[in-house]
Amino acid sequence: MFSHLSSLDHVTPPGHPERVERYDAIMKALADPRFDTLDRREAPIADPADILRCHPQAYVDSIEVAIPDSGFVSLDPDTHVSPGSLEAAQRGVGGCCAAVDAVLAGEVANAFVCMRPPGHHAETARAMGFCLFGNIAIAAKRALDHHGLERVAVIDFDVHHGNGTQDLLWTEERAMFCSTHQMPLYPGSGHPSETGAHGTIVNVPLDPNTGGAEMRRAYDDAILPMVEEFEPQLILVSAGFDAHEADPLAQLYWTTEDFGWVTKRICEVAAATCGGRVVSTLEGGYDLQALADSTAAHVEVLMEAGA
Ligand SMILES: [Zn+2]
């Protein structure tokens with residue numbers, strides 16, 4: 001696992017759901033003795049070149065300029081930065097890239113990156129939905145452009161559509177992007193007709209007030225067979241836990257066990273296609289107990305698969 005205490009320095013305004021306490025809740029859950037053997041590493045600051053594979057310099061500059069000396073600055077109605085936000089976001093990207101490096105070097109079979117802010121709503125030149133940089137898309141580009149992989153798959157099970165990842169990978173035919181998400185819901189994208197410039201984007205919206213059975217069908221019948229057919233050399237995961245039945249921001253009814261199930265199925269497909277190589281990163285999840293329990297279930301399955 002890659003994490004860093006700078007996640008606690010990205011402070012959001014009072015009442016904001018994407019809050020410091022999320023990181024604390026997860027770390028408390030991962031302090032349980034069953035995680036004693038978890039390989040824990042610090043998420044490094046990103047190499048600027050990695051960020052520039054997905055975002056133009058002018059956008060990166062605009063984020064740096066926006067960071068206040070105190071208090072908050074709002075980049076959009078949902079997305080705010082505090083004095084510590086830049087380092088936290090840079091380490092979010094850096095953690096994802098370091099995780100790709102470690103997995104591709106064979107140091108670890110898989111890795112979970114536990115950082116905030118999340119990343120999957122950040123578009124090429126637009127911060128939105130609590131996100132500054134497109135962490136998982138940047139990780140995909142590093143695997144392709146730096147390590148020379150020919151095919152990577154990104155699976156996003158956050159309850160919101162990963163519009164940013166879709167935007168950043170829209171013209172990238174070496175990357176498949178698959179997403180389940182509640183529809184209708186923020187940000188409004190993710191219709192099945194959105195398939196990318198090369199047909200490598202797969203959107204499977206889920207109806208509000210549906211649960212684990214519908215989710216499992218979406219993965220078993222639609223997404224995972226297409227991922228297998230794509231034969232990825234690495235699977236990246238946007239792991240948001242806001243489809244949980246307890247989450248206040250959406251209306252899906254997944255249980256903690258459902259998050260363990262989808263993680264296990266992803267690991268099985270990874271074992272069949274790419275030697276089990278998986279890099280997962282934290283996205284959403286706003287009920288602290290559900291977030292802690294679901295993340296623990298996710299990490300536990302990753303550890304079992306990587307053992
Ligand atoms: Zn979300």
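Both ligands and their constituent atoms are indexed starting at 1 by order of listing. We use all heavy atoms of the structure for the numbers below, so side chains are in, but hydrogens, waters and symmetry mates are not.
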Original post:
Got a sec, which residues hit ring-ring contact (aromatic ring centres under 6.0 Å, His included) with H4, two or more places apart in sequence or on another chain?
Top reply: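 Applying ring-ring contact (aromatic ring centres under 6.0 Å, His included) to H4 gives none.
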Subject >> Which residues share a ring-ring contact (aromatic ring centres under 6.0 Å, His included) with Y23, sequence neighbours left out >> reply: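 So Y23 forms no ring-ring contact (aromatic ring centres under 6.0 Å, His included) with any residue.
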**OP:** Measure from the Zn ion (ligand 1) to every N/O/S atom of D158 and report the name of the nearest one.
**Re:**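 Nearest N/O/S atom of D158: OD1.
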Subject >> D242: its N/O/S atom lying closest to the Zn ion (ligand 1) (atom name) >> reply: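 Result: OD2.
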Original post:
Is the Zn ion (ligand 1) less than 2.8 Å from an N/O/S atom of H160, whether that atom is in the backbone or a side chain?
Top reply: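 Of the N, O and S atoms in H160, at least one lies under 2.8 Å from the Zn ion (ligand 1), which means yes.
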Subject >> Closest non-hydrogen atom pair, D258 against R216 >> reply: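 Scanning both residues, the minimum pair turns out to be OD1-NH2, 2.8 Å.
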**OP:** Answer yes or no: are there more than 12 heavy-atom neighbours, outside E229 itself, under 6.0 Å from its atom CD?
**Re:**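 It does not: E229 CD has 12 such atoms or fewer within range.
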